[in-house]
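Data first, discussion second: the structure below is written as structure tokens.
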Amino acid sequence: VITYRIAHLVEGGAPAAGILALSFTNKAAGEMRERVAGLVAARDAKRLTLCTFHALGLTILKAEKKALGFPTGFTIYDGADQLGVVREILRDVKIDDRRFDPKAILHRISRAKNAFATEPDGEDDNEYDEVSRIVFPRYQQALRAFAAVDFDDLIVETVRLLDRDEAARSRWSGRFLHVLVDEYQDTNRAQLELLLRLTGHGNVTVVGDDDQSIYAW
């Protein structure tokens, strides 16, 4: 549906450079590119932006790195890097890192980030929630000190950047005239917020099946 919609837009005169199609995995984005390449002229296929939400966030953050506060660039921390930061913080605050699973703490931090919260919600109000509330601000400070962002930041910090920087928001909100989203039922809040900031024009096409929602499961 998405690929034929793109082909229809291009055939109707929509500039390929103004079309953005978003998917949730690199594999899905690759398959989309292959299908579109068989439906539109090669020059138009090259001008389309077909990527994941996180890849789009990375593109925006790289282009706006000065506004982000990292004029010389930034590093993306992977899972191992994140775990290392959490373990170091636990040691610094004299918490036994053998007692608490750093992955469980990172899960709570990720959930808080994607909800744009300043601390983990602590719905269970257990020891992990208490420790996560101690670690979260220190984790954010550590990333900043190392000029680094994590996977969640690729979307969350992009939204925050577009909210506080009017010039950046103007550049990106008008860049894509048509936005299409695949597997829309799996959009979380952070991804939705990014989508809303790029689609003031209302030219949005989404495809999804609520019976396949990973969040509903």
Test of understanding: with salt bridge (charged side-chain N to carboxylate O under 4.0 Å, His left out), list the residues that count as partners of E193, not counting sequence neighbours.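 Here the qualifying residues are R189, R197.
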
Can you list everything that forms a side-chain contact (heavy atoms from CB on, under 4.5 Å) with S132? Sequence neighbours excluded, please.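 Here the qualifying residues are I105, R108, P120.
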
Does the side chain of T59 reach to within under 4.5 Å of the side chain of T49, using non-hydrogen atoms?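 No, every pair of side-chain atoms sits at 4.5 Å or beyond.
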
Donor-acceptor pair between D182 and S23 side chains, under 3.5 angstrom: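 On atom types as modelled, these side chains do not qualify, holding no pair under 3.5 Å.
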
Just checking, is any N or O donor in the side chain of D150 or Y139 under 3.5 Å from an acceptor N or O on the other one?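 The criterion, which ignores hydrogens and geometry beyond distance, is satisfied for Y139 and D150.
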
Any chance [atom1] of [X] has more than 12 other-residue heavy atoms, nucleotides or ligands included, within less than 6.0 Å?
X    : atom1 : result
F116 : CZ    : yes
N26  : CG    : no
F151 : CZ    : no
R43  : CZ    : no

Using side-chain contact (heavy atoms from CB on, under 4.5 Å) as the criterion, point out the one residue from D153, L154, I155 that pairs with L58.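 One option only clears the test, and that one is L154.
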
Is R91 salt-bridged to E88, going by a charged N under 4.0 Å from an acidic O?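 No salt bridge links R91 with E88.
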
Using 0.5 Å steps for rounding, measure from the CG atom of D152 to the CG atom of N114.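 Between D152 CG and N114 CG, I get 4.5 Å after rounding to 0.5 Å.
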
Who passes side-chain hydrogen bond (donor to acceptor under 3.5 Å, both in side chains) against E34, sequence neighbours left out?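 If we apply the side-chain hydrogen bond (donor to acceptor under 3.5 Å, both in side chains) test to E34, skipping adjacent residues, there are no hits.
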
With side-chain contact (heavy atoms from CB on, under 4.5 Å) as the criterion, how do L22 and T52 come out once you've worked through the C-alpha distance, each side chain's angles and the decisive distance to 0.1 Å? CA-CA 5 Å; L22 296 166; T52 64; over 6 Å; no

Check whether NZ of the Lys or CZ of the Arg R144 lies under 6.0 Å from the centre of the six-membered ring of F70 and within 45 degrees of that ring's axis.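 Here R144 passes the 6.0 Å and 45° test against F70.
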
Nearest heavy-atom pair of Q191 and F53: which atoms, and what distance?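 Minimum heavy-atom separation between Q191 and F53: O-CE2, 3.6 Å.
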
